[in-house]
Amino acid sequence: MTRSTTRPTSDALLAEMLLLHPKLIDLSLGRVERLLNKVGNPHLRLPPIVHIAGTNGKGSVTAYLKAMIEASGRRVHIYTSPHLVRFHERISLAGDDGRSRPVNEKELVDILMRVRAVNDGDDITQFEITTVAAFLAFAETKADVLLLEVGLGGRLDATNVIAKPAVTVITPVSMDHSEKLGPTLPKIAAEKAGILKRGAPGIIAQQLDEVLDVIEARAKTVHAPLQVWGREFEAFEQSGRLVFNRDTGVLDLPLPALIGRHQIVNAGTAVAAYLALMERLPDIGLNELGIEQGLRSVEWPARMQRLTNGPLPKILGDDAELWLDGGHNPAAGEVLADTLASFEERAPKPVILVVGMMGQKDALGFLAPFRGLVRAIYTVPIPQAHEQPHSQEKLAEVARSAGLQAFERDGVIEALQTIAQQHKGPKRVLICGSLYLAGHVLGLQESGS
């Protein structure tokens, strides 16, 4: 019998890798370390690494650092998760033109096939095996820096096989993934603090005291020097500028291109991490000019992203604003409500939400901050979610219990059509509640339907 030589797609390979998931999870990095050893330990041949953990703001801090590093003329690899539209977004490789780009289909299939062959059917999670594949791609493509975002937690995350990062970053920590990371903030903070390493500067964003206590205790144990928001550095908005202040001086910078008051914390944290990297590894060739240019040029989809073209804004009409954000936990709900309130101060318009959420998320905690701010909420399912989402009926019940007017709809398009029909005139619509929902929306925009 002739064996088929047809190359599989990346989607087929990723689906196959889901089937390798261990029946029993041993909480260790053993599976990743075993496979890395089999493929030649690519994690030992990576460019200098900035390792980034936290609950909210990881993606934004990564985006700022990418923009700053590239504005300095340096090449950067990026590892993030989850993706929005295509898995390829998780692995961005430095290009010959100095700009990083998502791995293309051929490159992704090649590295997935290589690690699949070496793994040879052994138990391993999809995130673990794809992290190994990413390290392989990063090791084989030249770059000056790797921005490595934690997938979940930190201490036992597959990315934490990195023993000697150049810099570590912990963005604001709040309640999320408590079923996996622990039921209290100190327990979650302990998992995030697991990325701190001996001698590597740890840049710590604004934190609650109970979180900072845990991080500082871990840093003392592993001898990691910390730079803490409010102590070694801070940032604030003043006269339409971003002021970054630390012991060695003050930087007067442009406000970040990403929208929301919370972006002051994210941008300030990124500036501190960039300066730490610049000082720790002066031979890389980073410069302070990159900070200013990076803050202006930064882009990060589904973080208070204004949708102005495409089929979805067209449904609402020219007198409506349509925004998209992937925020999905109580802290994100507070941030989004604050951002919408600031919009309302400058340009009042009726605010309407379209919300879909994954089933394990704290829907009440996310929605409660919008009480008194939004006119109505339309709850929707999340197509092709990787795990069970809240049904639109359950989500609407939760919204009503929070004192919000809520209506169920069968999808984003139907929700927007209803909003266009029932809320005439100028309005501000925000689609939020899940990165998976945000990816679905961006997919609708791309497909034109």
With a 3.5 Å cut-off and sequence neighbours excluded, list the donor-acceptor pairs that the side chains of residues 44-52 form with protein atoms.
from : atom 1 : to   : atom 2 : distance (Å)
R45  : NH1    : G40  : O      : 2.7
H51  : NE2    : T159 : OG1    : 2.9

Q. For D97, does the CG atom sit with more than 12 other heavy atoms under 6.0 Å from it, leaving out its own atoms?
A. yes
Q: Can you measure from NE2 (H440) to CG (L444) and round to the nearest 0.5 angstrom?
A: 4.0 Å
Q) Any side-chain heavy atom of H390 within less than 4.5 Å of one from M357? A) yes
**Q.** Partner set under side-chain contact (heavy atoms from CB on, under 4.5 Å) for L373, not counting sequence neighbours
**A.** A337, L340, A341, F370
Q) So which heavy atom on P172 is nearest to which on A205, and how close? A) CD-CB, 3.6 Å
(Q) For a quick test of reading the model, state the closest non-hydrogen atom pair linking A200 to P165 and the distance between them. (A) CB-O, 3.4 Å
**Q.** Sequence-distant partners of E191, salt bridge (charged side-chain N to carboxylate O under 4.0 Å, His left out), two or more places apart
**A.** R155
Q | Beyond-backbone contact of T55 with M175, side-chain heavy atoms, under 4.5 angstrom | A | no
**Q.** Nearest non-hydrogen partners of F366 and A332, listed with the distance
**A.** CE1-C, 4.3 Å
Q) Hey, what do you get for CG (L196) to NE2 (H223), rounding to the nearest 0.5 Å? A) 13.0 Å
Q) Atom OG of S10 and atom CD of E107: how far apart are they, to the nearest 0.5 Å? A) 12.0 Å
Q: Could you pull out all residues at least two apart from N287 that satisfy side-chain contact (heavy atoms from CB on, under 4.5 Å)?
A: S72, L289
(Q) So for atom NZ, which belongs to K394, do other residues, nucleotides or ligands contribute more than 12 heavy atoms lying within a distance under 6.0 Å? (A) no
**Q.** N-O pairing of K66 and E70 below 4.0 Å
**A.** yes
Q. Strictly by modelled atom types, are S174 and N56 linked by a side-chain donor-acceptor pair under 3.5 Å?
A. yes
Q. Is the closest side-chain donor-acceptor distance between E149 and T80 under 3.5 Å?
A. no
If you look only at distance, which donor and acceptor atoms sit under 3.5 Å apart when one is on a side chain in residues 428-435 and the other is two or more places apart or in another chain?
from : atom 1 : to   : atom 2 : distance (Å)
R428 : NE     : E321 : OE1    : 2.8
R428 : NH1    : A347 : O      : 3.2
R428 : NH2    : E321 : OE2    : 3.3
R428 : NH2    : A347 : O      : 2.9
S434 : OG     : Y436 : N      : 3.0
S434 : OG     : L437 : N      : 3.2

Q) More than 12 foreign heavy atoms under 6.0 Å from CZ of R99: is that the case here? A) no
Q | Close side-chain approach of M304 and T339, heavy atoms under 4.5 Å | A | yes
Q.
Within the 4.5 Å heavy-atom criterion, are E237 and V243 side-chain neighbours or not?
A. no
Q. By ring pair (Phe, Tyr, Trp, His ring centres under 6.0 Å), which residues pair with F407, not counting sequence neighbours?
A. Y378
Q) Going by atom types only, do T62 and Y79 share a side-chain donor-acceptor pair under 3.5 Å? A) no
(Q) Does any part of the side chain of P82, heavy atoms only, come nearer than 4.5 Å to the side chain of R90, both counted from C-beta? (A) yes
**Q.** Those residues that, when tested against E33, pass salt bridge (charged side-chain N to carboxylate O under 4.0 Å, His left out) (two or more places apart)
**A.** none
**Q.** Closest heavy-atom pair and its distance - V85, E89
**A.** N-OE2, 2.8 Å
**Q.** Residue pairs involving residues 289-307 (criterion side-chain hydrogen bond (donor to acceptor under 3.5 Å, both in side chains); sequence neighbours excluded)
**A.** E292-R296
Q | salt bridge (charged side-chain N to carboxylate O under 4.0 Å, His left out) involving R246 - partner list, sequence neighbours excluded | A | E279
Q: Output the distance between atom OH (Y274) and atom CD1 (I69), rounded to the nearest 0.5 Å.
A: 7.0 Å
Q) What's the shortest heavy-atom distance between P201 and A276, and which atoms? A) CB-CB, 4.5 Å
Q | Within 6.0 angstrom of D319 CG, more than 12 heavy atoms from elsewhere | A | yes
**Q.** Pairwise distance OG(S342) to CZ(R261) - rounded to 0.5 angstrom
**A.** 4.5 Å
**Q.** L307 CG to L324 CG distance, which is reported to the nearest 0.5 Å
**A.** 5.5 Å
Q) Sequence neighbours excluded, which residues qualify as salt bridge (charged side-chain N to carboxylate O under 4.0 Å, His left out) partners of R371? A) none
Q. Heavy-atom distance under 4.5 Å between the side chains of V132 and I111, does that happen here?
A. no
Enumerate donor-acceptor pairs with a distance under 3.5 Å from any side-chain N or O in residues 133-148 to protein atoms, sequence neighbours excluded.
from : atom 1 : to   : atom 2 : distance (Å)
E140 : OE1    : R114 : NH1    : 3.0
E140 : OE2    : R114 : NH2    : 2.7
T141 : OG1    : A137 : O      : 3.2
D144 : OD2    : R75  : N      : 2.6

Q: Only counting residues at least two apart or in another chain, list the ones meeting side chain to side chain donor-acceptor pair (under 3.5 Å) with Q263.
A: S60, Y64, N266
